[in-house]
Structure formats: structure tokens, C-alpha cells
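Note that the structure is predicted; figures quoted are calculated from it, not measured.
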Amino acid sequence: MSLFAACKSNPSAKDRTQSAPLGLSVEYIRKPQEVLIIDQKPEFAWELPNTITAQSAYQILVASTQEFLEQDQGDVWDSGKVVSNQSIDITFRGTALKVGNTYFWKVKIWDENHKESPYSESQNFTIGANTGTITSANRFRIDRIKPKAFKQTSNNSYFIDFGKAAFATLEFNYNTKEVDTLVFHIGEQLTDYKINRTPKGTIRYQKIVVPVHPELHTYTISVKPDKRNTKPEAIHLPVSFPVLMPFRYVEIEQVKGEIQAADFNQIAYFGYWEDNESYFKSSDTILNQVWELCKYSIKATTFAGVYVDGDRERIPYEADAYLNQLSHYTTDREYAMARQTIEYFMEQPTWPTEWQLHVALMFHADYMYTGNTELIETYYDKLKYKTLMELRRADGLISSSKATPEFMKKLGFKNPKTKLKDIVDWPPAQKDTGWKLATVEGERDGFVFTPINTVINCLYYKNLEIMADFAKILNKTNEAIEYEQLAKQVKASINTKLFNQDLGIYTDGEDTTHASLHSNMMALAFNIVPEKDIKTVVDFIKTRGMACSVYGAQYLLEALYNANESDYALELMTATHDRSWYNMIDIGSTITLEAWDMKYKPNADWNHAWGAAPANIIPRYLWGIQPKTPGYAVAKIQPQLDNLNSSSIVVPTLRGQIKGDYILKDDKTKQFTIDIPANMKAEFMVKRTSTIKVNNKIIQGNLDHIALEAGNYIIEIFN
């Protein structure tokens, strides 16, 4: 049961000043005039001003010239007045767009009282040639970052700290009276207040000698390319880019002229990014630092145009990319990079079994956050193979051992000798790697591999749920029924054949009695665990600590929040031991590591976005802000902030920012201030036993949520 909260603090409709739509985008790109739009039937979207609650109609004009548009002439497309509240994902329906031509568009809307707005500011876009995919790439961003610290360390040596590592090169000004050389050391890590020149693993360092000349005054260092991340299978940067390396620190030797901080710029490369789209702060200072680390990690690793695994290989991997996607969506209103990465995986898969099962998760996240179905429509038949349903046996459970060369070809593998290999987590045990690891079992909590693997089948179950939804979207009723029935069968088989009834926990697979953190957290994360067994599963999970990698932590935290174990989840996110995000900060990194610490993965790098799970866990689970319906037409807000005294958050969506403030009062009353953007509804989840006041009015009834429309609300919960 729910009750609509009609009392809002924003002005009534009759007092509102009408204003125009804003935040226009084409193909989800906010500045389309700076890129090429390759979809000849692009999607339009806009935000509504906060003086409006909802849209009742719209009219789009697309013109061949700015002059036509200024005269309100849509000679390419005039949608006319369309009675609809749709303000995102509106497909172009006009005269065919031509490659190389630039077009101009604007939109006006009618509000909930049918009052007409002025037209928006105009925006233009240029149609590019089809590249064989449907996703238009966003532009890159180049930042010139000044030193945060600059000091002379000897007569002719200097030290620079740019504050954060970035994929970058270095530009500097220098005047000399003679032909000479300067010696630069650039790197990510300090040891004894100097750049570590023999770092472990893939922590980056280079020595670069730069010739200087009296006739030159501005220089850019020549970073040496790395053999591994420039192999054919690596993502190659645009030819206009210099060689990039992640670094934070610079040491300069053999300086004879005068230099100062203003002479130096870290030239950092990012994907398109707007810093003010997201925000988080709380009463827990460690949690705040973890958020900043993880948010910046997502920004810093956008340099390649698609999601890559870090600087060692610069290769996209499906599971890495899914975690990256979730955190990108919660830190910036940017979707093109995830969509490009999805299309990449349809042609360039990687070998881990579970990684194939992450592709449908990426499609689903894109659909929920954008409301767009183009990727689903384009790749639905190919996506069926990615579910691995062809590898099932009579009870519905799958095994990678059944994959044939013919099936591998269906997955997109070009080499017929490639085989699927179950991975569970990474790195594996010491006996499998040859590395000297801090824990001999690696990051798998001693997981025992059997042909029928619990972790794989939990992911498979989630794939079947997603494919049932996709089949319904495409009106494939019979296939939707098939997926739903398969999902029920798989769930039942997991709970009968892979669950130890005596212990109340999941084993790692058939023919083993071993139970790992991974088998249990995945079942809980995907809502497979029957309600009667949740307690024993949670109790077991809580005995294992952080016995998983930075990747596995995503699902561990999802599992805990699903089970309302927010206290323990927060404890893990704010831990200070060596298997924590704070440890990454404490050892000096400004981008998340590939592993918790170098001793857990000796070849790890210091720039791996799959370690940034809190960037999405904090908004999606701690604050509980997620799209309930595709494109955030309806948001779900289910905060689990019990161990915090205060918090503030801003979450980006295509419709505008969702904002929240929280205070735990002295009398233990929880006070939330929630701001819902125009043209969105929200369900604020509450306990049925709670007494609730909305904008100072007691809400009566046995409620599980409060229904909100656009506007600002003060919600007080008295337990």
C-alpha cells in the first residue's frame, strides 16, 4: 500500500513563472555540436525547469539552418504538438538526415496545467558516416592541471605534485641560453618522499631526458609507449593523442635556468565529464574520502573512449566494464561510453565464463538508466548466446564444460581454440599463479571448482530474468514465457542442489561440500535465497570478512544491502585494514587499485576502475536511489543510512538531478529532504510500522512507500 504525498513546498502552479526546457541532448550527448552523430534517427532528450511538475505535451523543431529555426520553421521535422509526458528517448521522425549535414533543433513543452512554454535554446548536431555500430562517441576532454605543490629539492632539482594521478603528459616552459638537457622522472608512487623508481607490479614510472634549445620555450615531454598496452588487442588511442601515462609526481634534474610552478601543466586526458553532476558527503569522514577516491577513479579511467582494465593491458573486460558502467551512471550523466563498450563486446568477447554473463547486465543497466531499447533490438538474438543457455542440462543448470568450438563462435570468438574458463574472482590461488600471495587461496576464499558452479549459475539466473524482460519489450511473448520458466527452474535447482540444508548455506557447486563467500554473496545479491534461509546465509557471509577481490566487493555489498545488513556493509566500506578502500588512499593512490594491496596481486596497477564499487554502491544502496522504471520515469529511494548522523547526495539522471539531505535528530527522528526533478515520480520506501510526516503533515495508513511527484519534500520518520 502507498499514499501519494500531495503536499509540496514548491510554489503552486498558478504562481509559477513559465520557463523553457533546458539540458538538451542528442543521442544522450550533452554537447552534440562537438561530435558526429552516426545514428540517422537520433534520440532527443531535455530536462524540464524546476518550476514545473510534469510535462503534458511537447513540440520539436529540427531545421536545416539556424535562420529557419529562429523563424520557428522545422523544415526537416516539425513534430507538431505531441500529447505526451515523454521528455527523453524521443526518436527523430522527419526527413532523412544526410551525412555531413548540420541540423538545428529546439523544443517547447506544455506543463501539467497545459500552459505553453517558450522554446528552448537551440542546439545543433552534424550527421557522421555509419561505422557499423549505432552508438555515437562523445568527445574527449583535455585538462591543463597546475601543480598542487612545487619545491626546490637541491641547487638544480625540483619536485612537483599535481595532486592526483591522471592519464597525461607534461608540458612546461623553459628558457635556456645553451643547448642542454633536462632529466624528468614521472610516476605514481612516492617512497621516502621521492618518486619510486623501481615500483612493484604495474605501478608506473619513467625517466625521460628532454633536450632544450635557446630557440624553444615550450616543451611537451615524450612519454615512451608501453609494449604491453599497445599490442594489437589493446585499445588504441586516437592518433591525435600523445603517448599517455598515469602519473602524479614529477622530479626535474639538471635545471640551470629559473623555473616556477606556473611553468608546468599536467595535460590530462578524459572522456567527456562534468564534475558537478554528482555529490556525496556524510558524517563519516572515511566514507567521504572513499567516495572521492572512487568518483575520481571513474573520471580518470575514461581516457580510452571505452572502459578498459587499467594501464597494464588497456583491454576491455566485461565484468570490469559492468562495474565501471554502474559507477559512471551514478557520477555523471554520461551514457555513450558504456553503450560503445557494450557494442565492442558483441564482437570482441573475453574468455572468462562469468564475463560473458555480464553482457546482459550491461544491456539491462543501459535500458534502466536511459529507457532506450535500440541496443536490445539490435543485438537481442546475439545476446541469447551470451546467456549460455545452450549449455544447460535437464535441470536447467549450466556448465562451461559443455561449450563447443561451434558455440564459442556464436559468442563472437574468432579463434576456434578459445575455451571458456570459470573465474569466480581474480587473482586465483597461489598454486595457480606462481605468485607469492599474502593468502594462498587468492581472492576466491578457497572456492572449489566443479563442472556445475554456483557462482556461474547465479549469474545465469539473473541473465534469464533480464532476457524475459527484453523478450517482453520486443513482444516476443513465447520467448518471454520460456525465459521465465527457465529462471524458475534454475532458481529451484540452485536452492535444492547447491544449498546445504544442514548448514543453511550454498556450496561452491555439485560434488563439493566447500562453501565460499562468493557462492553465498552471489545468491543473495541476485535474490535467489528463500526468505527463510536469508539469516543463515548472512551469518555465514559475515564470518568471511572481505574474502573477495575489489571486483567481488560489488556483489558482497549488494548482497548485504539486499538483506538489510547496512551496518555491516558500511563497516566494510569504511574499514581501514589492508583489504579496504581506505588502504588504497593510505598507501598513496588517488585512483583505485586493481587489488586491495600489492601483496594480494603482485602485478597489480594503481589505476583500475573495477575497484571503485562504492561510487555506485553509495548512491544505489546506501541512499537507495535507483530507477524503478526505465529512464527514471519512476525512481525508487530506499535509504539505509542508519549508522550515519548526516548525509547529502546528488545523483544524475537524464531528467535532472535527484537531491537528498539526511539528518538523524537527537530524538532519533530521521529527517530527509528530497528533491525530485520535474517529469519524474518517486517511491520513497518506508517500514510499515513507522510513523511518517511529509512536509509537516502526518501520513496515515499501513504504508510501504510514499509516492512523490516532482518537487521538494521534508520527510520525517519516527520509529
Side-chain angles (χ1 to χ4, degrees), residues 2-3 5 8-9 278-284 286-288 290-291 294-295 326-327 329-331 368 525 527 554 557-574 613-629 632 634-653 656-677 680-695 699 703-719:
S2 68
L3 184 68
K8 295 178 292 197
S9 60
S278 63
Y279 174 83
F280 173 77
K281 198 164 188 178
S282 75
S283 52
D284 192 306
I286 290 179
L287 188 63
N288 298 342
V290 169
W291 162 262
C294 294
K295 176 180 175 177
L326 292 177
S327 293
Y329 288 177
T330 53
T331 51
M368 292 304 294
N527 299 308
Q554 172 77 37
L557 292 170
E558 287 190 19
L560 292 169
Y561 280 109
N562 281 349
N564 298 312
E565 292 288 337
S566 57
D567 290 0
Y568 184 58
L570 183 61
E571 180 183 321
L572 292 179
M573 279 199 290
T574 56
N616 76 79
I617 293 292
I618 288 170
R620 293 174 63 241
Y621 288 96
L622 180 76
W623 262 94
I625 299 173
Q626 296 191 39
K628 181 177 182 180
T629 62
Y632 260 118
V634 180
K636 179 181 177 181
I637 306 176
Q638 188 174 5
Q640 296 190 53
L641 298 162
D642 295 2
N643 269 17
L644 297 174
N645 294 322
S646 64
S647 181
S648 297
I649 197 163
V650 176
V651 178
T653 82
Q657 295 171 327
I658 298 173
K659 299 178 181 179
D661 288 292
Y662 166 74
I663 296 175
L664 181 63
K665 294 185 174 181
D666 291 341
D667 63 359
K668 302 304 178 183
T669 298
K670 299 174 183 176
Q671 179 177 297
F672 295 89
T673 302
I674 304 294
D675 190 15
I676 306 298
M680 180 189 291
K681 295 182 180 181
E683 294 181 359
F684 188 94
M685 310 307 292
V686 294
K687 294 180 181 178
R688 291 182 179 273
T689 55
S690 299
T691 301
I692 304 156
K693 188 184 288 186
V694 179
N695 289 354
I699 302 296
L703 308 177
D704 60 11
H705 72 270
I706 305 164
L708 309 173
E709 283 194 344
N712 187 266
Y713 301 85
I714 297 176
I715 301 171
E716 295 175 280
I717 300 176
F718 309 87
N719 290 323

Side chain to side chain contact (heavy atoms under 4.5 Å, CB included) filter on A635, not counting sequence neighbours, yields Y632, I658, M680, A682

By ring pair (Phe, Tyr, Trp, His ring centres under 6.0 Å), Y329 pairs with (sequence neighbours left out) Y335, Y369

Does a side-chain heavy-atom distance below 4.5 Å link E709 with I676?
no

What is the minimum heavy-atom distance between W623 and S647, and which atoms define it?
NE1-OG, 3.0 Å

Donor-acceptor contact present, side-chain N562 to main-chain A525, <3.5 Å:
yes

Decide yes or no for L622 and L641: does some side-chain heavy atom of the first lie under 4.5 Å from some side-chain heavy atom of the second?
yes

State which residues pass side chain to side chain donor-acceptor pair (under 3.5 Å) with E565; sequence neighbours excluded, sorted by chain then number.
K542

Give, for atom OG of S327 and atom CD of Q554, the distance between the pair rounded to the nearest 0.5 Å.
6.5 Å

Contacts of Y279 that satisfy ring pair (Phe, Tyr, Trp, His ring centres under 6.0 Å) - sequence neighbours left out
none

A side-chain contact here means heavy atoms from C-beta on lying under 4.5 Å apart; do K681 and T629 qualify?
no

With sequence neighbours excluded, residues passing side chain to side chain contact (heavy atoms under 4.5 Å, CB included) with P619
W291, T330, I649, V651

Stepwise side chain to side chain contact (heavy atoms under 4.5 Å, CB included) check, I617 with Y561:
CA-CA 9 Å; I617 293 292; Y561 280 109; 3.7 Å; yes

Could you report the tightest heavy-atom contact between P677 and Q657, atom names first, then the distance?
CD-O, 3.5 Å

Between CG on residue L708 and CD1 on residue I674, distance to nearest 0.5 Å:
8.0 Å

The side chain to side chain contact (heavy atoms under 4.5 Å, CB included) partners of D284 (sequence neighbours excluded) come to S282, I286, L287, T574, L644

Quick check for you: to the nearest 0.5 Å, what is the distance between S648 atom OG and Y662 atom OH?
12.0 Å

Applying side chain to side chain contact (heavy atoms under 4.5 Å, CB included) to D666 and not counting sequence neighbours gives none

Quick one: list whatever passes side chain to side chain donor-acceptor pair (under 3.5 Å) with K628, sequence neighbours left out.
E683

Under the side chain to side chain donor-acceptor pair (under 3.5 Å) test, residues paired with Q626 that sit two or more places apart:
none

Compute the ring centroids of F672 and F684, then answer whether they are less than 6.0 Å apart.
yes

State which residues pass salt bridge (Lys or Arg N to Asp or Glu O under 4.0 Å) with D661; sequence neighbours excluded, sorted by chain then number.
none

If I compare all heavy atoms of P614 with all of M573, which pair ends up nearest, and what's the gap?
CB-SD, 4.0 Å

Nearest 0.5 Å please: distance from the CE atom of M685 over to the CD1 atom of I706.
10.0 Å

Could you tell me whether the side chain of V686 reaches within less than 4.5 Å of the side chain of I699, counting heavy atoms only?
no

Among residues at least two apart in sequence or on other chains, which ones pass salt bridge (Lys or Arg N to Asp or Glu O under 4.0 Å) with K693?
none

Over all heavy atoms of both residues, which pair between K295 and A615 is shortest? Give the atoms and the distance, please.
N-CB, 4.2 Å

Check side chain to side chain donor-acceptor pair (under 3.5 Å) between D642 and all other residues, then give those that pass, not counting sequence neighbours.
K670

Test side chain to side chain contact (heavy atoms under 4.5 Å, CB included), reference N616, set L557, L326, T331, output is L326

Rounded to the nearest 0.5 angstrom, the NE2-CZ distance for H705 and R688 is 9.5 Å

Could you state the interatomic distance from NZ (K665) to CG (N645), rounded to the nearest 0.5 Å?
14.0 Å

